[in-house]
Amino acid sequence: QVQLVESGGGPAQAGGSLRVSCEVSGYSDSRELWMAWFRQAPGKEREGVAAISGDGRTHYGVSVKDRFSISRDDVKYSMNLQMNALEPDDTAMYYCAARFGPPGMAPSLTATVYDYWGQGTQVTVSS
């Protein structure tokens, strides 16, 4: 059973940076695991932020492209989201998600394709 635990959220100033991490356990072959970050603010729908495939291809949501960067460390069994040039609209609960996938499958920001979810970490950006 894959388990995901997020960390690294907290307060930040607009224009600043923050990194959130997701520790992943319960799998053996990292090439089979597709992962992503989603976020949800109060009163808003869940939004796909960034995704990464088993072979390292990435895909970003329009609102974070060129500001956020997703990466994975298959030695440490973790996934990270580096967030730069933060804006108050980035305030949300950030969730990591994972699924097993076949070779060649593209990274996805569709929440329904992911089978495993973390509990979330809060990011709050003040102006």
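The environment of Y77 atom OH is sparse: at most 12 non-hydrogen atoms of other residues, nucleotides or ligands sit within 6.0 angstrom. Summarising the local packing, CZ of R99 is surrounded by more than 12 heavy atoms from other residues, nucleotides or ligands at distances under 6.0 Å.
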Run the numbers on E32 and Y27 for side chain to side chain contact (heavy atoms under 4.5 Å, CB included), then give the verdict. CA-CA 9 Å; E32 298 178 337; Y27 72 99; over 6 Å; no
So F68 and N84, side chain to side chain contact (heavy atoms under 4.5 Å, CB included) or not? Walk me through it. CA-CA 6 Å; F68 289 12; N84 299 325; 5.9 Å; no
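In this structure, CD on Q119 lies 9.5 Å from CG on L4, to the nearest 0.5 angstrom. The line from NZ of K65 to OG1 of T58 is 9.0 Å long, rounded to the nearest 0.5 Å. Atom CG of residue L33 and atom CZ of residue R72 lie 6.0 Å apart, to the nearest 0.5 angstrom. Between the CD atom of E23 and the NZ atom of K76 there is a distance of 10.0 Å, given to the nearest 0.5 Å. If you take OG on S7 and CZ on R19, they are separated by 9.0 Å, rounding to the nearest 0.5 Å. Between the CG atom of L86 and the OG atom of S127 there is a distance of 12.5 Å, given to the nearest 0.5 Å.
Among all heavy-atom pairs drawn from V20 and V123, the shortest one is CG1-CG2, 4.0 Å. Here the shortest heavy-atom pairing between F38 and R46 reads CB-CG, 4.0 Å. Closest of all the heavy-atom pairs between M79 and C96 is CE-CB, 3.6 Å. Nearest heavy-atom pair, A85 versus S17, reported as atom, atom and distance to 0.1 Å: N-OG, 4.5 Å. When all heavy atoms of V2 and G26 are compared, the pair lying nearest together is CG2-O, 4.0 Å. Here the shortest heavy-atom pairing between A50 and L81 reads CB-CD1, 4.0 Å.
Placement of Y114 and M93 within a single hydrophobic cluster is found when ILVMFWY residues are connected by side-chain heavy-atom separations under 4.5 Å, directly or transitively. V113 and L109 fall into different hydrophobic clusters, defined by Ile, Leu, Val, Met, Phe, Trp and Tyr side-chain heavy atoms under 4.5 Å apart, directly or through other members. In this structure, V5 is not a member of the same hydrophobic cluster as W117, with clusters built from ILVMFWY side-chain heavy atoms closer than 4.5 Å. With hydrophobic clusters built from ILVMFWY side chains whose heavy atoms lie under 4.5 angstrom apart, I52 does not share a cluster with W34.
The side chain to side chain donor-acceptor pair (under 3.5 Å) contacts involving residues 35-44 comprise R39-E47, R39-S63, R39-D90, R39-Y94, where partners must be two or more places apart or lie in separate chains.
Partners of T121 under the side chain to side chain donor-acceptor pair (under 3.5 Å) rule, at least two apart in sequence or in another chain, do not exist in this structure. Considering only residues two or more places apart in sequence or on other chains, Y116 meets the ring pair (Phe, Tyr, Trp, His ring centres under 6.0 Å) condition with none of them. Residues passing the side chain to side chain donor-acceptor pair (under 3.5 Å) test with D73: none are found, sequence neighbours excluded. In this structure S78 satisfies the side chain to side chain donor-acceptor pair (under 3.5 Å) test with no other residue, sequence neighbours excluded. Here E6 pairs with nothing under the side chain to side chain donor-acceptor pair (under 3.5 Å) rule; sequence neighbours left out.
A donor-acceptor contact closer than 3.5 angstrom is absent between the side chains of N80 and Q82.
No side-chain heavy atom of C22 sits less than 4.5 Å from a side-chain heavy atom of Y95.
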